Amino acid sequence: MNTFKIGMGYDVHQLKEGYDFWLGGIKLAHEKGAVGHSDADVLIHVICDALLGAANLRDIGYHFSDKDPQFKGIDSKVLLKEVMEKIREAGFEVGNIDSTICLQVPKVNPHIPTMKTCLAEVMKIPESSISIKATTTEWLGFVGREEGVSAYCVALIYHV
Ligand SMILES: [Zn+2]
């Protein structure tokens, strides 16, 4: 019998003027960008955390410390690629991931197909296994005030 494991991820990054806005592996054109030690790609970070959690391999900060200068400004796609290697080394393959981005502006929906293509390429899994959803928070809270972006992800992995 296959062994299935699930994991979840949650992350938040501040949005500030003068920063690039990387989300789902692509750069969005926006007057604000996400602040972080890496490129601050909140969607990739929650995917990494969900996968690591499913495999019981701690979290993204444990493997890629925000105190470590080698990860300063790093492309989060590199981190996701390494996480996939860890998952596969532990004997797992990805069943599917389902994620939600919480962002007031700009609209994420038009970019979702490009994000899916990008992430499928990095993770070496079919696009049909990657779900990305987007919501605003109806102008409420830090997301609604355009002070930050958050994301959630669940991942299902199975022992090969
Ligand atoms: Zn993060």
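Keep in mind it's a predicted model, so treat the numbers as computed, not measured. Start at 1 and go down the list; that is how both ligands and their atoms are numbered.
With hydrogens and angles disregarded, no donor-acceptor distance shorter than 3.5 Å links the side chain of D66 to the backbone of H37.
For the Zn ion (ligand 1), protein N, O or S atoms closer than 2.8 Å were enumerated as D11 OD2, H13 NE2, H45 ND1, with waters left out.
Taking a 6.0 Å sphere around NZ of K133, one finds it holds more than 12 heavy atoms contributed by other residues, nucleotides or ligands. A 6.0 Å sphere centred on CZ of F142 holds more than 12 heavy atoms belonging to other residues, nucleotides or ligands. Summarising the local packing, CG of D68 is surrounded by more than 12 heavy atoms from other residues, nucleotides or ligands at distances under 6.0 Å.
Note on L43 and W22: separate hydrophobic clusters, where clusters join Ile, Leu, Val, Met, Phe, Trp and Tyr whose side-chain heavy atoms are under 4.5 Å apart, directly or indirectly.
When the side-chain hydrogen bond (donor to acceptor under 3.5 Å, both in side chains) test is applied to D39, the partners found at least two apart in sequence or on another chain are S76.
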